[in-house]
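By convention here, the first residue in the shown sequence is residue 1. Indexing begins at 1, ligand by ligand and atom by atom, following the structure's order.
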Amino acid sequence: MLTAGPTHEKIDPVRFIGNYSSGKMGYAIAEELAERGAEVTLISGPTQLHVTHPSIHKISVESAKEMYAASMEHFDTMDAAIMAAAVADYAPENYASQKLKRDGEDLILRLVPNPDIAASLGAIKEKQILVGFALETQHAEANARKKIEKKNLDFVVLNSLENKGAGFQTDTNIISILHRNGEQQDYPLKSKRAVAVDIVDYLEKSL
Ligand code: PMT
């Protein structure tokens, strides 16, 4: 199972809070898994990408809450879950059913926390391998290691926005894989498709 892409948290019928994820990284992993013979459940936020491989079963969602519900529904039959989505940590407390009008005053939006999907799966996992991503802007390795513990991950794929060619929207990425046993493997700049091969190789070793 994979999560991929951004989530959109609705403010009103014409506006949302989102992020820059294109889905490229998650979809590349889904393709690599399918090509190796896996049946893949791809839970995707809104992206421009399409899947063609018949073994990729895509579930389209919009918000973090929808992604959470789909992930919780499918997790127990999975061998592994890879959380490549950029999930909004907060959503507007209230949805305005009519378009918000400008009235010259400050507009205050109150945000409330979304569920942490990876941590929720980490809390219930049995035999599954749970793989997180960590997108960092500073203190990358220390923050990624904290996520392994907090979310009960088997390993984390770290990409840092400090590295040119890594992260959102690019066709390339630079990753390190940090295992909960302390092991760390660093990889050079590669296409996201080639990065997907490295991640799936590592996953296969862990199964
Ligand atoms: O989609 P692209 O444009 O190709 O970009 C790829 C990417 C940069 C989005 C991808 O490589 C990546 O890093 N994805 C994770 C982004 C992220 O939200 O990282 P984080 O460090 O905030 O979250 C840590 C982990 O918890 C991630 O596995 C995330 O999916 C998961 N999470 C986070 C918050 C939340 N509420 N629920 C979660 O499951």
Side-chain angles (χ1 to χ4, degrees), residues 1-9 17-32 42-49 51 61-72 74-75 80-91 111-125 128-178 180 187 189-196 198-200 203:
M1 181 173 101
L2 264 148
T3 64
T7 64
H8 288 180
E9 311 299 325
I17 295 173
N19 61 65
Y20 294 113
S21 172
S22 64
K24 286 177 187 172
M25 189 67 252
Y27 279 57
I29 300 167
E31 265 171 40
E32 180 59 24
L42 171 63
I43 302 171
S44 175
T47 73
Q48 304 295 320
L49 304 179
V51 293
V61 298
E62 188 170 351
S63 65
K65 286 196 187 75
E66 289 169 12
M67 189 173 274
Y68 169 81
S71 301
M72 294 297 276
H74 292 279
F75 184 60
I82 304 178
M83 317 307 286
V87 184
D89 282 317
Y90 290 87
L111 303 179
V112 293
N114 271 328
D116 186 323
I117 304 167
S120 305
L121 300 182
I124 59 168
K125 86 176 163 122
Q128 298 94 336
I129 304 286
L130 184 60
V131 181
F133 266 74
L135 179 64
E136 302 298 341
T137 55
Q138 58 177 350
H139 312 305
E141 283 164 26
N143 285 333
R145 288 233 167 259
K146 279 187 201 150
K147 283 175 186 167
I148 294 179
E149 291 312 319
K150 197 170 157 218
K151 301 177 194 245
N152 194 22
L153 307 171
D154 291 275
F155 63 90
V156 70
V157 179
L158 166 64
N159 40 191
S160 171
L161 294 183
E162 289 172 305
N163 294 328
K164 201 170 162 349
F168 290 127
Q169 294 186 343
T170 52
D171 289 322
T172 56
N173 207 355
I174 305 171
I175 62 158
S176 297
I177 295 181
L178 284 65
R180 65 177 301 120
Y187 299 84
L189 177 79
K190 294 186 184 188
S191 69
K192 280 186 175 163
R193 196 62 185 73
V195 169
D198 291 336
I199 294 169
V200 177
L203 174 65

**Message:** Keeping Asn159 on the side-chain end and Ala134 on the backbone end, is there a donor-acceptor pair under 3.5 Å?
**Reply:** yes
Atoms of ligand 1 under 4.0 Å from any heavy atom of Val87, numbered from 1 in the order shown, are 18 (O), 34 (C), 35 (C), 36 (N), 37 (N), 38 (C)
the protein heavy atom lying closest to atom 28 (O) of ligand 1 turns out to be Met83 O, 2.6 Å
Here the atoms of ligand 1 under 4.0 Å from any heavy atom belonging to Gly132 are 28 (O)
Indicate yes or no for a side-chain donor-acceptor contact from Thr172 to the backbone of Leu189 under 3.5 Å, with no hydrogens or angles considered.
-> no
Interatomic distance, NZ@Lys192 vs CD@Gln169, rounded to 0.5 Å, equals 8.0 Å
After noting the C-alpha distance and the side-chain angles of Glu136 and Lys147, does the key distance pass the salt bridge (charged side-chain N to carboxylate O under 4.0 Å, His left out) rule? CA-CA 11 Å; Glu136 302 298 341; Lys147 283 175 186 167; 2.7 Å; yes
Tyr68 atom OH: more than 12 heavy-atom contacts under 6.0 Å:
no
So the atoms of ligand 1 within less than 4.0 Å of a heavy atom of Ala134 turn out to be 21 (O)
Note: ligand 1 atoms sitting under 4.0 Å from heavy atoms of Asp89 are 34 (C), 35 (C), 36 (N)
Under 4.0 Å between heavy atoms, the region of Asn114 that gets near ligand 1 turns out to be neither
Closest non-hydrogen atoms of Met67 and Pro6, given as atom of the first, atom of the second and distance, are CE-O, 4.4 Å
ask   = With distance as the sole test, does Thr170 use its side chain to make a donor-acceptor pair with the main-chain N or O of Ala166 at under 3.5 Å?
value = no
pair Arg180-Glu149: side-chain heavy atoms closer than 4.5 Å:
yes
Quick note on ligand 1: atoms under 4.0 Å from a heavy atom of Lys24 include exactly 1 (O), 2 (P), 4 (O)
If you scan protein heavy atoms around atom 14 (N) of ligand 1, the nearest is Ala84 O, 3.0 Å
May I ask whether Gly5 has any heavy atom positioned less than 4.0 angstrom from an atom of ligand 1?
no
Atom 37 (N) of ligand 1 has as its nearest protein heavy atom Ile117 N, 3.0 Å
Please state whether Met67 comes within less than 4.0 angstrom of ligand 1, counting heavy atoms only. no
When distances are taken from atom 2 (P) of ligand 1, the protein heavy atom at minimum range is Ser22 OG, 3.3 Å
Looking only at distances, can you tell me whether any N or O atom of Met25, backbone or side chain, sits closer than 3.5 Å to an N or O atom of ligand 1? yes
Judged by heavy atoms only, the candidate from Leu161, Asn159, Asn173 nearest atom 7 (C) of ligand 1 is Asn159
Side chain or backbone, does Thr3 bring an N or O within less than 3.5 Å of an N or O on ligand 1? no
Q) For ligand 1, is there an N or O atom under 3.5 Å from any N or O atom of Thr170? A) no
Closest to atom 21 (O) of ligand 1 among protein heavy atoms sits Lys147 NZ, 2.5 Å
Atoms of ligand 1 under 4.0 Å from any heavy atom of Ala85, numbered from 1 in the order shown, are 14 (N), 15 (C), 16 (C), 17 (C), 18 (O), 29 (C), 30 (O)
Tell me whether Ser63 contacts the main-chain N or O of Glu9 through its side chain, where contact means a donor paired with an acceptor under 3.5 Å. no
Minimal heavy-atom distance between Lys125 and Asn152, with the atoms involved, is CE-O, 3.1 Å
Glu136 versus ligand 1: do any nitrogen or oxygen atoms come within less than 3.5 Å of each other? no
Per-atom filter on ligand 1: closer than 4.0 angstrom to a heavy atom of Lys192 are 2 (P), 3 (O), 4 (O), 5 (O)
Gln169 heavy atoms within 4.0 Å reach ligand 1 at atoms 2 (P), 3 (O)
When every non-hydrogen atom of Lys24 is compared with those of Leu49, the smallest separation belongs to N-CD1, 3.6 Å
Tightest non-hydrogen contact, residues Leu42 and Ala4, listed as CD1-CB, 3.8 Å
Of all protein heavy atoms, the one nearest atom 25 (C) of ligand 1 is Phe133 O, 3.0 Å
Honestly, for Pro115 the part within reach of ligand 1 (heavy atoms, under 4.0 Å) is backbone
Between Met25 and Ala196 the two heavy atoms that sit nearest each other are CE-N, 4.0 Å
among protein heavy atoms, the one nearest atom 33 (C) of ligand 1 is Lys151 NZ, 3.7 Å
Atom 1 (O) of ligand 1: of Ala118, Ser21, Pro6, the nearest heavy atom sits on Ser21
Of all protein heavy atoms, the one nearest atom 18 (O) of ligand 1 is Ala86 CA, 3.5 Å
Side chains of Tyr27 and Ser22: donor-acceptor distance under 3.5 Å anywhere? no
Is it the case that over 12 heavy atoms from other parts of the model lie below 6.0 angstrom from the CD atom of Gln48?
no
